[in-house]
Amino acid sequence: PVHHTPTPLPSTCKAQAMRLPDAKKWMAADDQEIERHVSTLGTWHYERPLPTDRPIPYTFTNKIKTEREGHPSCYKARCAIRGDLMRPGTDFDDSRRAAHTPSQSAKRLLYAETARSNLLLESWDVPGAYSRASADPNYRQTMNQPILSNGTERAPGMVAVMDKAMQGAGDANRLWVEHRDKRIISWGWTKLDAEPSTFYITHLGKFIRMVADTDDFLVSTNSASYLAQQRLRLESERQIAIQSPVSQHTNLRIDRTPTTLTISNPKGVLDVLAQHNLQDCNPSPTPHIDGHDLSARQPDEPLLSVISQY
């Protein structure tokens, strides 16, 4: 059975978090998030509003981070600008091409190649990715100043002016991906024309292939030492610093046998179970009845009558 941990369910918004018994922990997490953006990431600074400013509202998303076994590790808050209220062409440049996202086939190809050639597979994460890219200098983005848990503002009467790309903004993903790709290419990596989110680098028979999905990097290599060398290079680069890789900071678990490579996501399963208070459930194979396969060629049938048998 899965270990049962009696913790409050993750909240999806600040209003819900404030109604929970541990609201003080969520309030502290919100204050830490504001401090992180101002003092550590330098996402915004405070100014007196201009007559032409149209400050955009912000929102907080709250979540309980868990360890691999499902135990709570910390209360996490994320502040984002309300991109749905931003005006294209006025608040951000909407004429430039949107950032490319990797296709599922690119990831599947990397997995398949890793399994076939018995390569090393790692997953990297870039913390605070958007705030590592500078804001568009041609657009002045302003946001309502986030309120601290005690009901006050850090800079009364001022607005937050964006210096970095802000999560949720209409151009944040494009700005970060452009910044990311420029840095990676400057280190000697080559981007595939057919799949712009896939990069590779080689040296004396050693190679690394990488699929970049926004701030998550999936990398495969035939040389652990060469991978470690490139990883240290990225970690020393402040503009794209990554967290420690592999199992400590990825949901993937990799199990090898002489003939197979199995990739699973136990932490993701535990997170879903926790959201529905099913941590103590027992695993069961998916019921299946021979001859009852669904396809486009089959006529409509009462599916519920089949499921009701179970």
Report task. Spell out, as yes or no, whether a donor-acceptor pair under 3.5 Å connects the side chain of S223 to the backbone of Y226. Result -> yes

Report task. Answer yes when K76 and E33 have at least one side-chain N-carboxylate O distance shorter than 4.0 Å, and no when they do not. Result -> no

Query raised in the report: Got a donor-acceptor contact below 3.5 angstrom from the D171 side chain to the F92 backbone?
Result: no

Query raised in the report: Hey, is R140 close enough to E47 for a salt bridge, meaning N to O under 4.0 Å?
Result: yes

Requested in this report: Keeping the roles fixed (side chain from R180, backbone from T214), state whether a donor-acceptor pair exists under 3.5 Å.
Outcome: yes

Report summary line: Shortest non-hydrogen pair, A172 vs M166, comes out as CB-O, 3.1 Å

Query - Side-chain (D125) to main-chain (D216) donor-acceptor, under 3.5 angstrom - result: no

**Report entry** cation_pi(R132, Y130) dist<6.0 Å, angle<=45
**Finding:** no

Query - Presence of salt bridge, K182 and E178, under 4.0 angstrom - result: no

Report task. Would you check, one step at a time, whether the test side-chain hydrogen bond (donor to acceptor under 3.5 Å, both in side chains) holds for S117 with E113? Result -> CA-CA 6 Å; S117 303; E113 184 181 23; 5.4 Å; no

Report task. Please name the pair of heavy atoms, one in G170 and one in M86, separated by the smallest distance, quoted to 0.1 Å. Result -> N-SD, 3.7 Å

Report task. State whether the side chain of K25 and the backbone N or O of Y75 hold a donor-acceptor pair below 3.5 Å, judged by distance alone. Result -> no

